[in-house]
Number of protein chains: 2
Amino acid sequence: MRIAPISQAECSELLNRINIGRLACALNNEPYVVPVCFAYEEPNRIYVFSTVGKKIKWMRQNPKVCLEVDEIGNSSNWFSVVVNGTYLELAEPQYTAQRQHAMEALEEFSLWWRTPLAQRREQVSDISIEPVFFRIDIESMSGLRAKFDAN
Amino acid sequence: MRIAPISQAECSELLNRINIGRLACALNNEPYVVPVCFAYEEPNRIYVFSTVGKKIKWMRQNPKVCLEVDEIGNSSNWFSVVVNGTYLELAEPQYTAQRQHAMEALEEFSLWWRTPLAQRREQVSDISIEPVFFRIDIESMSGLRAKFDAN
């Protein structure tokens with residue numbers, strides 16, 4: 001087995017193909033990581049949906065984020081991409097057009113994000129709860145691939 | 001579909017069954033997340049192997065970590081557990097017995113960790129490079145389950 005870096009084009013290909021990643025943020029030097037469903041837009045944007053919770057509260061205070069996306073077949077056959085970027089909340093009215101664009105980009109995963117939204121509204125009996133759409137502006141990304149080497 | 005918290009016992013069950021997670025650390029309020037292979041030991045310890053790289057350098061400076069472990073079938077059928085804990089490097093001679101214990105716990109995933117170690121040695125032509133075994137002392141963990149609800 002060999003572990004080797006992959007190109008920026010291969011990183012983009014993985015981000016296009018895989019739509020579930022793990023998003024890390026930090027506050028007071030404490031890290032927090034959760035799975036998210038995302039849509040990648042080449043070359044340097046990622047759209048994500050969330051209801052307001054711990055990660056949104058933290059990213060509003062510290063917009064530095066790290067997204068890890070992988071495809072793991074087994075211990076000798078995997079890809080992993082790590083993206084560093086900045087959180088930008090697509091709040092209205094400033095980002096109405098960008099927010100609409102994010103909703104469209106995420107439409108195919110709508111079951112994923114509509115359900116927690118509906119539940120959150122049900123739990124707090126507040127129909128006015130708004131979903132949060134945000135963008136990650138990618139500053140850098142790098143990836144590794146492990147591949148079985150018969151030699 | 002319903003999203004609901006799972007019990008501590010269900011969190012433990014997932015950590016016992018799944019051995020790949022995403023480990024987040026932070027330095028200067030910048031988050032970093034990478035996949036890791038781990039072994040869980042009930043009730044509150046996790047063993048991990050690594051060569052020395054960015055994550056080890058960061059965790060040596062800031063031992064707060066967050067490990068996310070999930071099992072994602074599809075957008076309406078998944079589990080996710082988030083563990084908060086503290087990094088403890090099992091360095092010799094202070095932790096020789098604990099280090100041996102970690103090696104044994106991780107033995108079944110040895111292809112995963114022996115290969116990067118061998119390669120790192122090859123790249124730097126330094127046979128003396130030592131693998132790093134570390135323990136995460138779990139401070140808290142919580143989990144969510146999404147389940148398809150026919151109603």
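So that the names make sense, note that chain A is the first sequence line, chain B the second, and so on, each numbered from 1.
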(message) Grouping I, L, V, M, F, W and Y whenever their side-chain heavy atoms are under 4.5 Å apart, do B:I18 and B:I6 come out in a common cluster?
(response) yes
(message) Starting from B:V33, can I reach A:Y40 by hopping between I/L/V/M/F/W/Y residues whose side chains sit under 4.5 Å apart?
(response) no
(message) Nearest 0.5 Å, please: how far is CG in A:D70 from CD1 in B:I20?
(response) 8.0 Å
(request) Sort A:L144 into side chain, backbone, both or neither according to what part of it lies under 4.5 angstrom from a heavy atom of chain B. (result) neither
(request) For B:E13, enumerate each residue passing the salt bridge (charged side-chain N to carboxylate O under 4.0 Å, His left out) test, keeping only those at least two apart in sequence or located in another chain. (result) B:R17
(message) Is A:N84 close to chain B through its backbone or its side chain, or both, or neither, when contacts mean heavy atoms under 4.5 Å?
(response) side chain
(message) To the closest 0.5 Å, what do you measure between CG (A:L23) and CZ (B:R22)?
(response) 13.5 Å
(message) For A:N62, which atoms come within 4.5 Å of any heavy atom of chain B: side chain, backbone, both, or neither?
(response) side chain
(request) Tell me, for A:V82 versus chain B, whether the close heavy atoms (under 4.5 Å) come from the side chain, the backbone, both or neither. (result) side chain
(message) Quick one, A:P31 and B:P31 - any side-chain contact, counting heavy atoms below 4.5 Å?
(response) no
